[in-house]
J.: 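Quick one: this structure, given as C-alpha cells, is what I'll be asking you about.
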Amino acid sequence: MLPKERRDSGQNDLFKSHLDQIVDMNHALAKLARKIDWGFLEGKFGAVYADVPGRPPLPTRLMAGLAILKHTFNLSDEALCERWVENPYYQLFCGEAFFRHDVPFDRSSMTRWRQRMGEDKIVALIQESLNVATRVGAAKPSDFTSIIVDTTVQPKAVAFPTDAKLMHRAREKLARLAKKHGVVLRQSYERVGKHALIAHQRYAHAKQFRRANRALKTLRTYLGRVMRDIRRKIAGDPDRQAAFAQLLSLAHAVRHQQQRQRGKKIYSLHAPEIECIAKGKSHKPYEFGVKVSIATTLNHSRGGQFIAHAKALPGNPYDGHTLESIIPDVEHQIGATINRLVADKGYRGHNAPPEYKFRIYISGQKRGVTDPIKRDLRRRSAIEPVIGHAKSDHRMDRNYLKGSEGDAINAVLAAAGYNFRRLLAWLRLLLRAWLVSIMPPHANHQSFSVA
C-alpha cells in the first residue's frame with residue numbers, strides 16, 4: 001500500500017497549538033524544511049511501494065526527514081528517537097502539525113525503510129540537497145561542472161582482526177548455534193579455548209612468537225574438532241544443515257586462511273564483506289571496510305564546498321579504474337556535463353571515457369597545463385577536509401549498517417548529511433545578514449544610563 005502523505009488541512013485543534021505558532025519560523029531547520037521539495041522526494045521514494053491492500057507505511061516526509069536529521073547531526077537511531085520527542089524543530093522538519101509527546105515510529109522502522117529504499121533511491125537526498133543549494137543561492141549550477149574526485153575508506157564497526165580472535169569467535173558462535181538447535185557437542189572447549197586465546201595474546205605481546213604459534217595451533221585444533229563434531233551430528237538433517245551452512249563455511253575459511261595469502265580473506269564473522277585496504281597512512285597502515293569515492297565542487301561556492309557524488313566501491317578497485325563508472329554517475333546526479341576533473345596521483349592510468357581525455361588533470365601533471373589549470377590543481381587538496389568532516393561529523397568514520405548494501409547506503413547518507421549541514425550554516429548566515437541590515441545604524445554604540 002502507498003504511504004499516506006501528510007498534507008496541511010488548515011484545520012485547528014481547540015486544545016493544541018500549531019508548531020509554527022510556538023517555534024521560531026526563522027530557525028535554520030524551519031527555513032530548510034520550507035525550501036526542500038518534499039513532493040520530489042515523495043515521488044522518488046514512493047515508487048518502491050505498490051498500491052495494494054495492506055497496512056500503509058509511514059509518511060515519506062517523516063522517514064526522509066529522519067534520515068536527513070540522523071546524518072546531519074551525527075545521531076544513532078536510538079538517540080534520534082529520544083531527541084525527536086523533545087525537539088519541536090525536529091517534529092516540524094518531519095511534517096508534524098502539532099507537538100507530539102510520543103514517537104509515531106520505531107527504531108527498527110528506520111532500518112526497514114533504508115533497506116526498502118536501497119542506494120538507488122536514497123541518492124535522491126543528495127540530488128535534493130544540491131537543488132536546495134542552488135535555490136537558496138548557496139551554489140550556482142556552474143559550480144558543479146568542475147569537480148575534485150578522491151577515494152577514502154569507510155571503516156566498518158568491527159574489532160581489529162587477528163587469526164586467534166577470529167578462530168576463537170568462530171568456535172564460540174558454532175557452540176552457541178549448536179545449543180540453539182539442540183546439537184549436543186562432545187566438548188565446546190569454552191574454558192580451555194579462552195585460556196589458549198589469552199596465552200596467544202600474551203606471548204605475541206612479549207614477542208615470543210614460537211609459543212604464540214603453538215597457542216594459535218591449539219585454537220585451530222579446537223575449532224576443527226567442533227566443526228567436525230557438528231558435521232557428523234547434522235548429517236542427513238536438511239534443516240540443520242541449512243541453519244549451519246553459512247557459519248560452517250565462514251569457520252572453514254577462517255581456519256584455513258594464511259597470513260599473507262592472496263585473494264579473499266575473512267576479517268569479521270558478522271561482516272564478511274569487509275576488505276583490508278592500505279591507503280599509505282603512517283598512523284593507520286590498514287583499514288577494514290570499503291573504499292568510497294567522493295566528488296566535490298572544485299571551486300568554493302558561496303555556501304561552502306558541497307559533495308556532488310558519493311559511492312561505495314566494493315572489491316578495493318584501483319582508483320583510476322573507477323572513473324569509467326564514476327563520471328557518468330556524477331553527470332546523471334548533477335544534471336550537467338563535467339568540464340574539468342581534478343584528481344591526485346592515484347588516478348594515473350585512468351580508464352575514463354575517451355571524450356574526457358583532455359578534461360582530467362592529475363596532480364604533478366606538466367604537459368598541457370596552463371596557468372588557470374595550475375590554480376585548479378592547487379585546489380585539489382580542498383577535498384581532504386570535506387572527507388574529514390564527512391567522517392567525523394556525519395557517520396562515515398564507522399559504519400554500523402549491515403552488509404554491502406549498508407556500506408553503500410551509509411556513504412550516500414553521510415554525503416547528504418554533510419550537504420544539509422552546509423545549507424543550515426548558510427541559512428543561519430542569511431538570517432544574521434538580514435538582522436544586521438534591519439538594525440538601525442550605530443545601534444551597537446548607543447549608551448544607556450541606569451536611573
Side-chain angles (χ1 to χ4, degrees), residues 26 28-29 31-37 40-41 68 71-74 123-152 292-311 326-327 329-344 359-361 363 371-394 396 411-434 436-437:
N26 286 324
L29 265 180
K31 294 173 71 175
L32 180 60
R34 296 196 298 270
K35 297 297 182 181
I36 293 176
D37 186 359
F40 167 76
L41 296 180
I68 293 171
H71 285 266
T72 300
F73 297 105
N74 194 9
V123 166
L125 293 178
I126 297 183
Q127 293 176 325
E128 183 57 22
S129 68
L130 301 180
N131 291 335
V132 175
T134 56
R135 285 198 294 268
V136 300
K140 297 179 295 184
S142 59
D143 292 339
F144 301 101
T145 58
S146 299
I147 63 171
I148 312 171
V149 176
D150 199 3
T151 60
T152 185
V292 173
S293 173
I294 301 290
T296 69
T297 53
L298 176 62
N299 299 315
H300 193 280
S301 305
R302 296 182 66 191
Q305 201 164 358
F306 292 93
I307 296 179
H309 181 264
K311 186 177 181 64
I326 292 299
I327 291 177
D329 281 356
V330 175
E331 292 187 339
H332 174 73
Q333 194 158 308
I334 64 178
T337 302
I338 297 175
N339 295 328
R340 183 167 296 169
L341 187 150
V342 177
D344 61 11
R359 304 185 202 175
I360 299 174
Y361 297 92
S363 295
D371 288 340
I373 296 174
K374 286 182 181 178
R375 288 195 295 269
D376 289 343
L377 287 174
R378 286 195 292 269
R379 285 279 304 166
R380 191 219 63 84
S381 59
I383 195 175
E384 302 298 343
V386 175
I387 293 174
H389 282 293
K391 285 189 170 186
S392 62
D393 301 333
H394 304 286
M396 196 186 282
V412 173
L413 287 175
Y418 172 87
N419 287 347
F420 281 112
R421 191 68 172 263
R422 296 262 54 81
L423 290 172
L424 288 174
W426 172 251
L427 293 173
R428 292 191 195 99
L429 185 64
L430 287 182
L431 176 61
R432 190 179 300 116
W434 176 77
V436 170
S437 66

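Along the sequence shown, residues are numbered consecutively beginning with 1. In this text, all values refer to a predicted model and were calculated from it rather than measured experimentally.
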J.: Distance from Lys374 atom NZ to Leu377 atom CG, nearest 0.5 Å?
T.: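 Rounded to the nearest 0.5 Å, the NZ-CG separation comes to 9.5 Å.
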J.: Answer yes if the side chains of Ser301 and Asp143 hold a donor-acceptor pair under 3.5 Å, and no otherwise.
T.: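 Looking only at side-chain atoms, Asp143 and Ser301 do form a donor-acceptor pair, the distance falling under 3.5 Å.
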J.: Do any N or O atoms from the side chain of Arg359 and from the backbone of Ile338 form a donor-acceptor pair under 3.5 angstrom?
T.: yes
J.: More than 12 heavy atoms of other residues, nucleotides or ligands under 6.0 Å from CZ of Arg135: yes or no?
T.: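 It does: Arg135 CZ has more than 12 such atoms within range.
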J.: Side chains of Thr134 and Lys140 only: does a donor on one sit below 3.5 Å from an acceptor on the other?
T.: no
J.: Who are the ring-ring contact (aromatic ring centres under 6.0 Å, His included) partners of Tyr361, not counting sequence neighbours?
T.: none
J.: Backbone N or O of Leu298 within a donor-acceptor pair of the Arg379 side chain at under 3.5 Å?
T.: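 Between the backbone of Leu298 and the side chain of Arg379 there is a qualifying donor-acceptor contact (under 3.5 Å).
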J.: Between the main-chain N or O of Ala308 and the side-chain N or O of Gln333, is there a donor-acceptor pair closer than 3.5 Å?
T.: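 Indeed, once roles are kept as given, a pair shorter than 3.5 Å links the two residues.
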J.: ring-ring contact (aromatic ring centres under 6.0 Å, His included) with Phe144: which residues, sequence neighbours excluded?
T.: none
J.: Taking only residues two or more places apart in sequence or in another chain, which ones pass side chain to side chain donor-acceptor pair (under 3.5 Å) with Ser129?
T.: Asn419
J.: Closest heavy-atom contact between Thr297 and Gln305?
T.: O-NE2, 2.7 Å
J.: List the steps, then state whether side chain to side chain contact (heavy atoms under 4.5 Å, CB included) holds for Leu29 with Leu427.
T.: CA-CA 9 Å; Leu29 265 180; Leu427 293 173; over 6 Å; no
J.: Quick one, Leu41 with Ile36, criterion side chain to side chain contact (heavy atoms under 4.5 Å, CB included). Give me CA distance, side-chain angles, the key distance, then yes/no.
T.: CA-CA 9 Å; Leu41 296 180; Ile36 293 176; 4.1 Å; yes
J.: So Lys311 and Val412, side chain to side chain contact (heavy atoms under 4.5 Å, CB included) or not? Walk me through it.
T.: CA-CA 7 Å; Lys311 186 177 181 64; Val412 173; over 6 Å; no
J.: If you measure from CD1 on Ile148 to OG on Ser363, what distance do you get to the nearest 0.5 Å?
T.: 9.5 Å
J.: Whether Lys35 and Glu128 form a salt bridge (side-chain N of Lys/Arg under 4.0 Å from carboxylate O of Asp/Glu) is what I want to check.
T.: no
J.: Could I get the full list of side chain to side chain donor-acceptor pair (under 3.5 Å) partners for Thr151, not counting sequence neighbours?
T.: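 Side chain to side chain donor-acceptor pair (under 3.5 Å) list for Thr151, sorted by chain: Lys279, Asp319.
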J.: Listed by chain and number, what are the side chain to side chain donor-acceptor pair (under 3.5 Å) partners of Arg378, not counting sequence neighbours?
T.: none
J.: How many angstroms lie between CD1 in Ile147 and CD1 in Ile294, if you round to the nearest 0.5 Å?
T.: 11.5 Å
J.: Hey, could you give me the NE2/CZ distance between His300 and Phe306, rounded to the nearest 0.5 Å?
T.: 9.0 Å
J.: Quick check for you: to the nearest 0.5 Å, what is the distance between Trp426 atom CH2 and Leu32 atom CG?
T.: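 Nearest 0.5 Å value for the CH2-CG distance: 14.0 Å.
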J.: Applying ring-ring contact (aromatic ring centres under 6.0 Å, His included), name anything that partners His309, two or more places apart in sequence or on another chain.
T.: none
J.: Between CG of Asn299 and CZ of Arg375, what distance do you get to the nearest 0.5 Å?
T.: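 Those atoms lie 10.5 Å apart.
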J.: For the backbone of Thr72 and the side chain of Arg421, can you confirm whether one donor and one acceptor N or O come within less than 3.5 Å of each other?
T.: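 Yes.
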J.: Stepwise, does the side chain to side chain contact (heavy atoms under 4.5 Å, CB included) test hold for Glu384 with His389?
T.: CA-CA 9 Å; Glu384 302 298 343; His389 282 293; over 6 Å; no
